[in-house]
There are 2 protein chains.
Amino acid sequence: MAEREAERSVSQTVHAQLALRELIVSGGLRPGERISELQAVEVTGVSRTPVRMALVRLEEEGLLEAIPSGGFMVKAFSERDILDSIELRGTLEGLAARFAAERGVSSRDLEPLKQCLDEIDGLVRQEPISMEAFSSYVALNARFHVLLAELSRSPPLIRQIDRASALPFASPSGFVMAQSALPEARQILLIAQDHHRVVVDAIENREGARAEAIMREHARLAARNLRLALRNRTHLDLLPALALISTG
Amino acid sequence: MAEREAERSVSQTVHAQLALRELIVSGGLRPGERISELQAVEVTGVSRTPVRMALVRLEEEGLLEAIPSGGFMVKAFSERDILDSIELRGTLEGLAARFAAERGVSSRDLEPLKQCLDEIDGLVRQEPISMEAFSSYVALNARFHVLLAELSRSPPLIRQIDRASALPFASPSGFVMAQSALPEARQILLIAQDHHRVVVDAIENREGARAEAIMREHARLAARNLRLALRNRTHLDLLPALALISTG
DNA sequence: TTTGCACCAAATGTATACATAAAGTATCCA
DNA sequence: TGGATACTTTATGTATACATTTGGTGCAAA
């Protein structure tokens, strides 16, 4: 064992799950393509049992789909599936924002969110925005959404948001944003940043309904942008678009 | 093999999953109690491998929780967890209702829903309502909710609703409703029935916002009723209350 | 040439064997 | 008598062996 040097502390199953997810998300396997256990064993370097566990978990996670005759394939999503997932996530996050507002979070709780937004500000203020800054934005934005979900203090809701995010957040890894799209991307990022600030403000002022409405509107806008980007794919390809919009 | 007579057509894994879920949901294992693989093997009659698969799936489903030192335990939910889950489900179903309305379902699509409601009408019209009628109601009500979710034609949303329902719908199996609570239960059922009819009507008339609002309100009311029932548990115990309210 | 049947190969589902870590117990020392 | 340590036992995590089913290929017959 331990033929692959690293990842020694985590269980084989977790290691396999991470490795396979990376493989799927990075596009190493096409949607609809079958993923054989033998292949998974070779990729992960662990035996069939933990690989199998990882496959089951990835199926439950929504990245794989069971083939009736046996085995798993990479799940394929339609354009509408993705748009729906964005709105779905927005709806859940709206609920989270409302819970946070209604349950009275302290200023201390909001501090990490504000700090996160400040960091994003530092990134998007650059003109033109750099490729590295954009990548950092994606990571920071994901963190903001996680923090917001946790602010609801509702384990069931956090859990659901986590699952709902699997699809929209699945794409960024390994994508390449076209240089020419960066200015347009920056504009969208600025708007998203505005929304986020308003949400935090609403939560701070205990305005649950407003907080919820903003998050939902935010998601609807993101879905609309993606729809437009997909219609005239002049410089936005599917994956970059996802990375750009769905993480807004 | 095939020592246990039935269930021959489904895979061992699925059989184990169903058997273990039944065990958990029926209260055969207390929340927080550890579920050993050996025990699971004895209960299901299959070997450790499929049992293990089933345990992983049940964990992803939210009924089990992994113990850091190894193995699984029955997940314990707080009162707030359950209330949140109800509202969560209502929110998702509201989205489903809106999707259904906006995407223009045909009258043919609505037929099964109406038929389902008519059957429920036949049950709750009895005065006093019988125990059998109440049990039938629970099953029919679950069917209505499934049909409504499917009406959204959104696989990601249907999937999420399915997961969100795991908790609220987990309780009915094997519960016993107190005879004395039946009249009160009937009143709540009648209100729920009203809500359901309004939702179907809103969908039919393409009023997405209204359809969504009703479903959310419906869930909030259910949560409120449950909260009241839990406060003065004179004749409503936790499980019956869940069965009653959360399936409303 | 095409269709159908049979056989073969490969991959999945299942069972079990093995290793490691955790928990419980007993014994010994303070 | 109480606590700590070592040992034993048990249960989980992993690896592998076995069986069954699926899919493909080849041969034969129409």
Side-chain angles (χ1 to χ4, degrees), chain A residues 1-21 23-24 28-61 63-75, chain B residues 1-21 23-24 28-61 63-75:
Chain A
M1 219 168 305
E3 294 165 1
R4 324 263 157 161
E5 62 290 340
E7 305 287 345
R8 202 180 287 234
S9 58
V10 298
S11 77
Q12 310 280 60
T13 298
V14 172
H15 167 67
Q17 190 177 354
L18 293 175
L20 291 175
R21 174 157 44 201
L23 182 69
I24 297 164
L29 269 65
R30 303 250 159 210
E33 193 171 341
R34 188 198 194 100
I35 176 171
S36 76
E37 288 185 7
L38 179 62
Q39 177 186 16
V41 165
E42 285 169 357
V43 168
T44 61
V46 302
S47 80
R48 277 187 63 206
T49 304
V51 155
R52 195 150 244 284
M53 295 296 200
L55 291 175
V56 168
R57 291 202 127 99
L58 289 169
E59 184 206 349
E60 297 284 339
E61 204 172 310
L63 265 57
L64 294 179
E65 191 176 348
I67 301 172
S69 64
F72 299 93
M73 55 178 256
V74 179
K75 202 160 176 176
Chain B
M1 222 166 302
E3 295 164 1
R4 324 261 158 162
E5 63 290 342
E7 306 285 346
R8 201 179 289 231
S9 58
V10 299
S11 77
Q12 309 280 62
T13 298
V14 172
H15 168 68
Q17 190 177 354
L18 294 175
L20 290 176
R21 174 157 45 201
L23 181 68
I24 297 164
L29 269 66
R30 303 249 160 212
E33 192 172 342
R34 187 197 196 103
I35 176 171
S36 76
E37 288 184 8
L38 179 63
Q39 177 186 15
V41 165
E42 285 170 356
V43 168
T44 60
V46 303
S47 79
R48 276 185 65 206
T49 303
V51 155
R52 197 149 241 285
M53 297 294 208
L55 290 175
V56 169
R57 290 203 127 97
L58 289 169
E59 184 205 349
E60 297 286 339
E61 203 172 311
L63 264 57
L64 293 180
E65 193 177 347
I67 301 172
S69 65
F72 299 93
M73 54 176 258
V74 179
K75 201 158 175 177

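When reading the values below, keep in mind they use all heavy atoms of this one structure, side chains included, and skip hydrogens, waters and symmetry mates. The chains referred to below are lettered A, B, ... by the order of the sequence lines, with proteins before strands, and numbering in each begins at 1.
Atom CZ of A:Arg48 and atom P of C:dT16 are 16 Å apart (whole Å). The separation between B:Gln17 atom CD and C:dG13 atom P is 14 Å, rounded to whole Å. If you measure from atom CD of B:Glu37 to atom P of C:dT16, you get 14 Å, rounded to the nearest angstrom. Summarising the geometry, the separation between CE on B:Met53 and C1' on C:dT14 is reported as 9 Å, rounded to the nearest angstrom. Summarising the geometry, the separation between CG on A:Leu55 and C1' on C:dT12 is reported as 11 Å, rounded to the nearest angstrom. Across the protein-nucleic acid pair, B:Arg57 atom CZ and C:dG13 atom C1' stand 12 Å apart, rounded to whole Å. In this structure, CZ of B:Arg52 is placed 8 Å from P of D:dT12, rounded to the nearest angstrom. Rounded to an integer number of Å, the gap from CZ of A:Arg34 to C1' of D:dG23 is 10 Å.
Between A:Met53 and A:Gln12, the closest side-chain pair of non-hydrogen atoms is not below 4.5 Å. The side-chain heavy atoms of B:Leu55 and B:Ile35, taken from C-beta on, include a pair separated by under 4.5 Å.
Considering only side-chain N and O atoms, A:Thr13 lies under 4.0 angstrom from the phosphate OP1 or OP2 of D:dT14. In terms of phosphate contacts, B:Gln12 brings a side-chain nitrogen or oxygen within less than 4.0 Å of OP1 or OP2 of C:dA15. Using a 4.0 Å cut-off, some side-chain N or O of A:Ser69 falls inside it from OP1 or OP2 of D:dG23.
A donor-acceptor pair under 3.5 Å is absent between the side-chain atoms of B:His15 and the main chain of B:Val10, judged by distance alone.
Contact check on A:Lys75 versus A:Glu59 returns no salt bridge, with no Lys/Arg side-chain nitrogen under 4.0 Å from an Asp/Glu carboxylate oxygen.
One donor-acceptor pair, N or O on each side, does fall under 3.5 Å between the base of D:dA15 and the side chain of A:Thr49.
Each of A:Gly70 and A:Ser47 has a nearest nucleotide on DNA chain D; the 5'-most of these lies closest to A:Ser47.
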